[in-house]
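A note on names: the letters A, B, ... follow the listed sequences, proteins ahead of strands, and every chain is numbered from 1. Every value quoted in this text rests on a predicted model; they were computed, and no experiment measured them. Any value given below was found using the heavy atoms of this structure, including those in side chains, with hydrogens, waters and symmetry copies removed.
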There are 2 protein chains.
Amino acid sequence: MLLSDLEAAAIGDILKHQPCTAHFIRTCFRESPAKHFSDSAGSVYPMMRRLEKNGYLESYEQQDGQRMVRYYRCTSAGKTALQRWLGPPVPESATLTVDPVRTRILYLGRLPKSRRTKWFDEIESALQAKLKLIQQELGDRDLSQSDAPYLNLADENAIMELKTRLRWLSIARRQLEEQGLL
Amino acid sequence: MLLSDLEAAAIGDILKHQPCTAHFIRTCFRESPAKHFSDSAGSVYPMMRRLEKNGYLESYEQQDGQRMVRYYRCTSAGKTALQRWLGPPVPESATLTVDPVRTRILYLGRLPKSRRTKWFDEIESALQAKLKLIQQELGDRDLSQSDAPYLNLADENAIMELKTRLRWLSIARRQLEEQGLL
DNA sequence: TAAGGCATGTAAGACGTTACATGATTAC
DNA sequence: GTAATCATGTAACGTCTTACATGCCTTA
């Protein structure tokens, strides 16, 4: 069975920080703006158990003061599964481009003309805010950690993508104006 | 209740082509490379019933030769719901950038060095193939239909995004080479 | 007459979401 | 002491996927 992106990211993060807790994986998923995974308890805890059941992780409990904490490690089967997920071959779905704004613009004709300008304004400032957030993350990164090159590249990807969207948005605006649709 | 992207796209497509069948919506979802929605019967048919139950669609059956076919129309509540989904305000999730390749590069360090060059090669050609597909779709579009400006913009978005990814990929390659990671 | 498209659905299972629920530990 | 964080889970619900299932219609 091929791993889902969520499962693969969990295994990848465990490999970087093992032994670690399920709770730690939740914070991994929550903290990076370049990661879009859910950090809900209802998805993470069952996923960890599932990965263990499938032989990709192993765990042990350890006393920590008054409480028991479960630590996970990646097995060699887990590492193999991660490499299979990474590819090559990469699945066709890896070329998918998803832009919620693009999805919406397909139906912009159903919005009254009077609201369209505001629509563009709002999205533009939301994208700009997100862009700043990621630029900050990139600037703040500790370059000494071994994975810094990959993390930087991921941020750089998100930054380039957001800039492209902003560029596209202004082109879209101009074109619709020219066609009297704004 | 706010519509999901899938539901909103269905309502949007129905507004363009009503009255139409569930099967027609499936082909809408399947055919455009700029739409990434599932066209599986198991998601579309229950969704149409759900939207009708919620008052966003209405339907009637009609004899077509030997078979009964169900046609859907959008109600005014449906149109209102679509506009609410479109925004403004746009949800914060609309600034999400999802790139499966970016997700993977975060964990590229777990792939043996020997496979990394091939990894880049494969992804590059997959992206290039997808790019051509969408450029073709854009070139083939009938410009007389009233929604052509929006459809063109959506394709243009996908094209710009794919080009950006290719640009990023070559930057990533160069950087990793310079750092002896390739 | 056979293949492919049109048309509609169901069933089982996997997965994610939200909300609920608990309790220990740490920092202010 | 109290709020935030660390830590672990469960339950109900909704949705999507895959696979199964049927039958009509059109075109080669």
K.L.:
State, yes or no, whether a side-chain contact exists between A/R104 and B/D5 at a heavy-atom distance under 4.5 Å.
P.N.:
yes
K.L.:
Listed in order of residue number, which residues of residues 63-75 of chain B have a non-hydrogen atom at under 4.0 Å from DNA chain D?
P.N.:
B/D64, B/G65, B/Q66, B/R67
K.L.:
Taking B/D155 first and then B/R141, would you say they form a salt bridge - that is, a charged N and a carboxylate O separated by under 4.0 Å?
P.N.:
yes
K.L.:
Flag the pair B/K118 and B/D121 as a salt bridge only when some basic side-chain nitrogen lies within less than 4.0 angstrom of an acidic carboxylate oxygen.
P.N.:
no
K.L.:
Is it the case that A/E161 and B/T97 place a side-chain donor and acceptor less than 3.5 Å from each other?
P.N.:
no
K.L.:
Using whole Å, what does the distance between atom P of nucleotide C/dA24 and atom CD of A/Q62 come to?
P.N.:
18 Å
K.L.:
So what does B/S38 hit on the nucleic acid, given a heavy-atom distance under 4.0 Å: a base, only sugar-phosphate, or nothing?
P.N.:
sugar-phosphate
K.L.:
For residues 73-83 of chain B, tabulate all N or O donor-acceptor pairs below 3.5 Å that involve a side-chain atom, not counting sequence neighbours.
P.N.:
residue: B/T75; atom: OG1; partner: B/G55; partner atom: O; Å: 2.6
residue: B/T75; atom: OG1; partner: B/Y56; partner atom: O; Å: 3.2
residue: B/T75; atom: OG1; partner: B/A77; partner atom: N; Å: 3.4
residue: B/T75; atom: OG1; partner: B/G78; partner atom: N; Å: 3.0
residue: B/T80; atom: OG1; partner: B/S76; partner atom: O; Å: 2.9
residue: B/Q83; atom: NE2; partner: A/R110; partner atom: O; Å: 2.8

K.L.:
Heavy atoms within less than 4.0 Å of DNA chain D: which residues of residues 3-26 of chain B have one? Give them sorted by number.
P.N.:
B/L6
K.L.:
Between which nucleotides of DNA chain D, read 5' to 3', does contact with chain B run, using atoms under 4.0 Å from its heavy atoms?
P.N.:
D/dT15 to D/dC25
K.L.:
Roughly, in whole Å, what's the span from CE in A/M48 to P in C/dG16?
P.N.:
13 Å
K.L.:
List for me each residue that meets salt bridge (charged side-chain N to carboxylate O under 4.0 Å, His left out) alongside A/R26, sequence neighbours excluded, and say none if there are none.
P.N.:
none
K.L.:
What's the separation between atom CG in A/L176 and atom CD1 in A/I105, rounded to the nearest 0.5 Å?
P.N.:
6.0 Å
K.L.:
List in chain and number order the residues that pass side-chain hydrogen bond (donor to acceptor under 3.5 Å, both in side chains) with A/R174, two or more places apart in sequence or in another chain; answer none if no residue qualifies.
P.N.:
none
K.L.:
Rounded to the nearest Å, what distance is computed from the CD atom of residue B/E31 to the P atom of nucleotide C/dG5?
P.N.:
11 Å
K.L.:
Between the side chains of B/Y107 and A/D147, does any donor sit under 3.5 Å from an acceptor?
P.N.:
no
K.L.:
Indicate whether OP1 or OP2 belonging to C/dT17 is found under 4.0 Å from a side-chain N or O atom of A/S40.
P.N.:
yes
K.L.:
Starting at atom CZ of B/R50, determine the distance to atom C1' of C/dT8, rounded to an integer number of angstrom.
P.N.:
17 Å
K.L.:
Round to a whole Å and report the spacing from CG of A/L51 to C1' of C/dC15.
P.N.:
13 Å
K.L.:
Report the distance from atom CZ of A/F29 to atom P of C/dT17, rounded to the nearest whole Å.
P.N.:
11 Å
K.L.:
Verify the neighbour count for atom CD of A/Q136: are there more than 12 heavy atoms of other residues, nucleotides or ligands below 6.0 Å?
P.N.:
no
K.L.:
Please indicate whether A/Q128 has more than 12 foreign heavy atoms, meaning atoms of other residues, nucleotides or ligands, lying under 6.0 Å from its CD.
P.N.:
yes
